[in-house]
Amino acid sequence: MTHPLDEFPITRKCSPRHPDRIQLYSLATPNGVKVSIALEELGLPYEAHKIDIMAGDQFTPEFLSLNPNNKIPAIIDPDGPGGQPLGLFETGAILVYLADKTGRLLPSDAADRYRALQWLMWQMGGVGPMFGQLGFFHKFAGREIADPRPRERYAKESRRLLGVLDRQLAGHDWLLGQGEEAYSIADIAVLPWVRNLVGFYGAAELVGYNDFREVQRVLAAFEARPAVQKGLAVPA
């Protein structure tokens with residue numbers, strides 16, 4: 001018996017045990033956990049498959065058939081628009097899709113929706129690339145480069161971005177304002193990167209993280225959410 005997911009080659013490499021659930025292909029990186037956290041927050045049934053980027057899983061023909069950009073995460077929703085299966089890559093697109101699918105985590109008011117999307121795009125265009133480059137030059141192979149200018153450049157820009165975030169969060173519970181209703185996919189996109197910058201990358205001192213009290217406050221509230229705690233551990 002065939003299933004609609006059978007048309008996706010990735011399912012031959014990562015065989016679904018629950019083909020009626022959203023299939024998540026990911027790793028617990030700042031980008032990867034965005035989607036698992038959103039799925040947990042929304043209560044959507046899903047099945048997670050580990051894509052080991054250190055082993056090169058992202059370059060296999062099966063994964064490239066789902067994401068030609070060879071990056072995690074990606075999803076397949078067997079119940080996509082019109083009841084047809086839909087494969088998606090890029091976390092911004094996935095987060096908007098999941099929010100629209102459920103009518104949650106993205107304001108229904110048009111103006112507020114675009115305010116949320118602007119912060120989502122801010123993360124994708126600034127926070128992710130800059131924090132990621134700083135992590136490379138501070139923690140990984142970039143340390144072998146004698147020229148200090150690349151690390152200094154990314155540290156300066158990361159600090160600037162933290163300042164933007166700190167000012168936005170002043171007097172706010174979340175990026176869009178106060179109260180649980182202000183919590184959105186924008187927070188889910190931004191805060192895992194902050195967490196990774198000061199945690200895994202160990203760059204807190206380098207960027208002067210102690211100066212950003214509002215960011216620290218909101219990150220602590222984010223990490224305390226049960227859905228966030230679950231999503232951070234996916235895939236196990």
Side-chain angles (χ1 to χ4, degrees), residues 14 16-18 21-54 71-75 77 88 90-99 101-107 116 119-120 122-124 127-128 131-132 135 139 162 165-166 168-169 172-204 207 209-210 212-236:
C14 303
R17 292 173 297 166
H18 306 282
R21 301 179 184 178
I22 291 174
Q23 303 295 304
L24 170 64
Y25 305 91
S26 191
L27 195 67
T29 68
N31 279 331
V33 299
K34 293 180 197 174
V35 176
S36 53
I37 288 171
L39 287 165
E40 291 289 345
E41 292 279 13
L42 295 167
L44 287 168
Y46 70 99
E47 180 177 355
H49 304 273
K50 181 179 179 180
I51 302 299
D52 188 347
I53 61 175
M54 300 306 293
K71 302 291 184 180
I72 60 96
I75 67 166
D77 184 0
L88 280 177
E90 284 297 328
T91 54
I94 295 170
L95 289 175
V96 172
Y97 171 73
L98 295 176
K101 180 182 177 72
T102 58
R104 296 172 55 202
L105 294 180
L106 196 55
W119 286 107
L120 174 64
W122 178 78
Q123 182 278 307
M124 295 168 61
V127 167
F131 287 13
K139 183 180 177 68
L162 285 169
L165 181 59
D166 203 65
Q168 176 64 18
L169 293 174
H172 288 178
D173 295 325
W174 306 106
L175 275 164
L176 297 187
Q178 294 179 308
E180 180 65 15
E181 67 277 3
Y183 182 69
S184 75
I185 57 174
D187 302 289
I188 293 173
V190 171
L191 293 168
W193 272 104
V194 177
R195 180 178 182 271
N196 202 69
L197 177 70
V198 301
F200 181 68
Y201 289 159
V207 298
Y209 186 65
N210 285 339
F212 303 108
R213 301 297 184 184
E214 303 294 340
V215 176
Q216 294 175 48
R217 170 181 59 82
V218 176
L219 178 60
F222 179 72
E223 292 176 322
R225 298 176 70 90
V228 171
Q229 294 173 12
K230 292 179 181 177
L232 287 171
V234 175

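Just so you know, these numbers come straight off a predicted model, no measurement behind them. We number each residue from 1, following the sequence as shown.
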Undergrad: Quick one, Leu120 with Ile185, criterion side chain to side chain contact (heavy atoms under 4.5 Å, CB included). Give me CA distance, side-chain angles, the key distance, then yes/no.
TA: CA-CA 7 Å; Leu120 174 64; Ile185 57 174; 4.0 Å; yes

Undergrad: Quick check for you: to the nearest 0.5 Å, what is the distance between Leu27 atom CG and Asp52 atom CG?
TA: 6.5 Å

Undergrad: Would you call the rings of Tyr209 and Phe212 parallel, tilted or perpendicular, taking 30° and 60° as the class edges?
TA: tilted

Undergrad: Once you round to the nearest 0.5 Å, how far does CD1 of Ile75 lie from OG1 of Thr91?
TA: 11.0 Å

Undergrad: Enter the distance from Leu219:CG to Leu169:CG here, rounded to the nearest 0.5 Å.
TA: 10.0 Å

Undergrad: Taking the side chain as every heavy atom from C-beta outward, state whether Leu24 and Pro235 have any pair of such atoms under 4.5 Å apart.
TA: no

Undergrad: Rounded to the nearest 0.5 Å, how far does CG of Leu42 lie from CD1 of Ile37?
TA: 11.5 Å

Undergrad: Give the intermediate values and the outcome of side chain to side chain contact (heavy atoms under 4.5 Å, CB included) for residues Val33 and Val234.
TA: CA-CA 7 Å; Val33 299; Val234 175; over 6 Å; no

Undergrad: Using a 4.5 Å cut-off on heavy atoms from C-beta on, say whether the side chain of Asn196 contacts that of Tyr201.
TA: yes

Undergrad: Are any side-chain N or O atoms of Gln229 and backbone N or O atoms of Ala224, one a donor and one an acceptor, separated by less than 3.5 Å?
TA: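 Checking the backbone N and O of Ala224 against the side chain of Gln229, a donor-acceptor pair under 3.5 Å is found.
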
Undergrad: Between atom OG1 of Thr29 and atom CD1 of Ile51, what is the distance when rounded to the nearest 0.5 Å?
TA: 11.5 Å

Undergrad: Calculate, to the nearest 0.5 Å, the distance between atoms CZ and NE2 belonging to Arg17 and His49 respectively.
TA: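 So the gap between those two atoms works out to 8.0 Å.
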
Undergrad: Can you list every salt bridge (charged side-chain N to carboxylate O under 4.0 Å, His left out) pair that touches residues 23-46, not counting sequence neighbours?
TA: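 For residues 23-46: Glu41-Arg225.
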
Undergrad: Could you walk me through whether Val228 and Leu191 pass side chain to side chain contact (heavy atoms under 4.5 Å, CB included), step by step?
TA: CA-CA 10 Å; Val228 171; Leu191 293 168; over 6 Å; no

Undergrad: To check you understand the geometry: which heavy-atom pair defines the closest contact between Val215 and Val194, and what is its length?
TA: CG1-CG1, 3.7 Å

Undergrad: When you compare the side chain of Trp122 with that of Val127, does any pair of heavy atoms fall below 4.5 Å?
TA: yes

Undergrad: Considering residues, nucleotides and ligands other than Lys139, do more than 12 of their heavy atoms fall under 6.0 Å from its NZ?
TA: yes

Undergrad: Tell me if a side-chain donor or acceptor on Gln23 pairs with a main-chain N or O of Ala74 at a distance below 3.5 Å.
TA: no

Undergrad: Can you pull out every salt bridge (charged side-chain N to carboxylate O under 4.0 Å, His left out) where at least one residue sits in residues 184-193? Sequence neighbours excluded, please.
TA: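 Pairs touching residues 184-193 that pass the test: none.
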
Undergrad: With under 30° as parallel and over 60° as perpendicular, where do the rings of Phe131 and Trp193 fit, or are they tilted in between?
TA: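 Ring orientation of Phe131 relative to Trp193: perpendicular.
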
Undergrad: Does the side chain of Leu105 reach to within under 4.5 Å of the side chain of Leu98, using non-hydrogen atoms?
TA: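 With C-beta onward as the side chain, the pair stays apart.
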
Undergrad: Please determine whether the number of non-hydrogen atoms from other residues, nucleotides or ligands lying under 6.0 Å from atom NZ of Lys50 exceeds 12.
TA: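 No, NZ of Lys50 has 12 or fewer neighbouring heavy atoms, counting only those of other groups under 6.0 Å.
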
Undergrad: Using 30° and 60° as the class limits, which term best fits the ring planes of Trp174 and Phe222: parallel, tilted or perpendicular?
TA: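 If you compare the ring of Trp174 with that of Phe222, the planes turn out perpendicular.
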
